[in-house]
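Report on the following structure.
All values below come from the heavy atoms of this structure, side chains included, with hydrogens, waters and symmetry mates left out. Atoms within a ligand are numbered from 1 in the order they appear, just like the ligands themselves.
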Amino acid sequence: MRKLAAGNWKMNGLAADLAELKALAEVPASCEVLICPPTPLIAQANWQMQGKPVMIGGQDCHANAKGAHTGDVSAAMLKDAGAGHVILGHSERRADHGETDALVAAKTQAAWAAGLVAIVCVGETEAQRDAGQTLDVVATQLAGSVPDGATAANLVIAYEPVWAIGTGRTPTLAEIAEVHAFMRARLTERLGAEAAGVRLLYGGSVKPSNAVEIFALANVDGALVGGASLKAADFGAIVTALSAA
Ligand SMILES: O=C[C@H](O)COP(=O)(O)O
């Protein structure tokens, strides 16, 4: 499988910041590189990256194809603007917008119907990890957020411990490896051999300084990067680490 370095700009970036994309396009990469900017920048980013080895994606979509949903964006609109992927069920959306596993599953179906690859996020809070519930939480989120019809081509899973996002803290390498092996096993129970090709990304305070050791782990097929994706120098170093893994 081709590994994936995905950058999530979250609610950061204006048109002037797309210069970082141009710098990123100069980084030699043997993996796939994806940037998910804020929705208003998707079309411009896609236009700037035409013919360049950087894919563009969205950060969310509505579960419905169209209709009276003021302020929302459909999967088809993302596709129309040039996105090929969409992040769904990020913990910030689960927390800020009350997104449930069922809603994330519905959004995933909407993404697939529009021809987008869904990057479905799962991960435990710090309290859940302290209570020894990490694998149960991940299992529940995986089962509930991924609808039937998943394939290696239309699904990517991102394991993002909530307490590691933007904090500079990460699980131990053994803890990351344990969760990723668990996710692979759960997906295999459901999808059979197809699960071997589903990319499993780690996310949460990935930086150039820790990327090499994280990417060396079994069942880590890339990263979903927040803060460090905002600067081409940092994200480029992460892409380089993944390309060498
Ligand atoms: O989607 C990205 C994650 O939330 C990770 O964010 P971070 O790299 O800033 O910790």
Side-chain angles (χ1 to χ4, degrees), residues 3-13 17 20-21 24 31-39 41-42 45 54-61 78 83-97 99 104 107-108 111 116-126 128-129 134 137-138 141-142 145 155-173 175-176 179-180 183 199-215 217 220-242:
K3 298 191 174 185
L4 174 62
N8 175 10
W9 280 12
K10 307 190 179 184
M11 199 172 73
N12 297 291
D17 298 303
E20 295 297 320
L21 285 183
L24 198 56
C31 59
E32 292 186 349
V33 182
L34 169 71
I35 289 288
C36 300
T39 304
L41 295 182
I42 288 176
V54 177
M55 302 181 293
I56 304 301
Q59 300 177 12
D60 178 51
C61 69
L78 296 178
H85 297 66
V86 61
I87 299 167
L88 295 172
H90 192 285
S91 61
E92 288 152 13
R93 292 208 60 86
R94 291 177 187 264
D96 294 353
H97 300 277
E99 294 197 2
V104 177
K107 290 184 173 197
T108 301
L116 297 176
V117 177
I119 302 176
V120 174
C121 302
V122 300
E124 82 285 1
T125 64
E126 186 161 27
Q128 289 166 333
R129 176 163 282 277
T134 296
V137 168
V138 168
Q141 290 181 336
L142 264 187
S145 302
L155 178 69
V156 175
I157 300 293
Y159 168 57
E160 298 205 321
V162 178
W163 53 274
I165 294 173
T167 61
R169 300 165 56 207
T170 59
T172 66
L173 295 174
E175 288 168 340
I176 295 172
V179 174
H180 279 242
M183 295 195 298
R199 269 87 59 91
L200 305 181
L201 311 184
Y202 169 76
S205 295
V206 176
K207 299 179 173 61
S209 58
N210 61 19
V212 171
E213 58 187 11
I214 291 173
F215 294 153
L217 296 172
V220 174
D221 308 312
L224 181 55
V225 183
S229 72
L230 295 170
K231 291 294 173 194
D234 287 344
F235 195 58
I238 291 169
V239 169
T240 299
L242 185 60

Would you indicate whether the side-chain heavy atoms of Val120 and Val156 approach each other to under 4.5 Å?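 When only atoms from C-beta onward are counted, Val120 and Val156 do not touch, as no gap falls below 4.5 Å.
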
Using a 4.5 Å cut-off on heavy atoms from C-beta on, say whether the side chain of Gln59 contacts that of His90.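 No, their side chains stay 4.5 Å or more apart.
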
Do me a favour and list the nearest non-hydrogen protein atom to atom 9 (O) of ligand 1 with residue, atom name and distance?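 Checking every protein heavy atom, the shortest distance to atom 9 (O) of ligand 1 gives Gly227 N, 2.8 Å.
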
Name the closest protein heavy atom to atom 2 (C) of ligand 1, giving the residue it belongs to and the distance to 0.1 Å.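 Answer for atom 2 (C) of ligand 1: Glu160 OE2, 3.1 Å.
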
Which segment of Asn8 sits under 4.0 Å of ligand 1 when only heavy atoms are counted: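 Under 4.0 Å from ligand 1, Asn8 contributes side-chain atoms alone.
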
Side chain, backbone, both or neither: which applies to Ala164 and ligand 1 if a contact is any heavy-atom pair less than 4.0 Å apart?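 The backbone, only.
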
Quick check on contacts: which atoms of ligand 1 are under 4.0 angstrom from a heavy atom of [X]?
X	answer
Ile165	4 (O), 6 (O), 10 (O)
Gly204	5 (C), 10 (O)
His90	1 (O), 2 (C), 3 (C), 4 (O)

Closer than 3.5 angstrom, by distance alone: can the side chain of [X] be matched with the main-chain N or O of [Y] as a donor-acceptor pair?
X	Y	result
Asn210	Ser205	yes
Arg94	Glu99	no
Lys107	Cys61	yes
Ser229	Gly226	yes

Ligand 1 contact by Ser205, heavy-atom criterion under 4.0 angstrom: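 Heavy atoms of Ser205 do come under 4.0 Å of ligand 1.
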
Would Lys207 count as a contact of ligand 1 if the rule is a heavy atom under 4.0 Å away?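 Heavy atoms of Lys207 never come under 4.0 Å of ligand 1.
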
In Å and rounded to the nearest 0.5 Å, what is the NE2 to CD1 distance from His180 to Ile157?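 Spacing of NE2 (His180) from CD1 (Ile157) equals 10.5 Å.
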
Test log, rule side-chain hydrogen bond (donor to acceptor under 3.5 Å, both in side chains), inputs Tyr159 and Gln141: CA-CA 10 Å; Tyr159 168 57; Gln141 290 181 336; over 6 Å; no

Taking atom 7 (P) of ligand 1 as the point of reference, which of Gly226, Gly203, Ser91, Cys121 owns the nearest heavy atom?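 Selected option, by shortest heavy-atom distance: Gly226.
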
Proximal candidate to atom 10 (O) of ligand 1 [heavy atom criterion; set Gly168, Gly166, Ala6]: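 Answer by nearest heavy atom: Gly166.
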
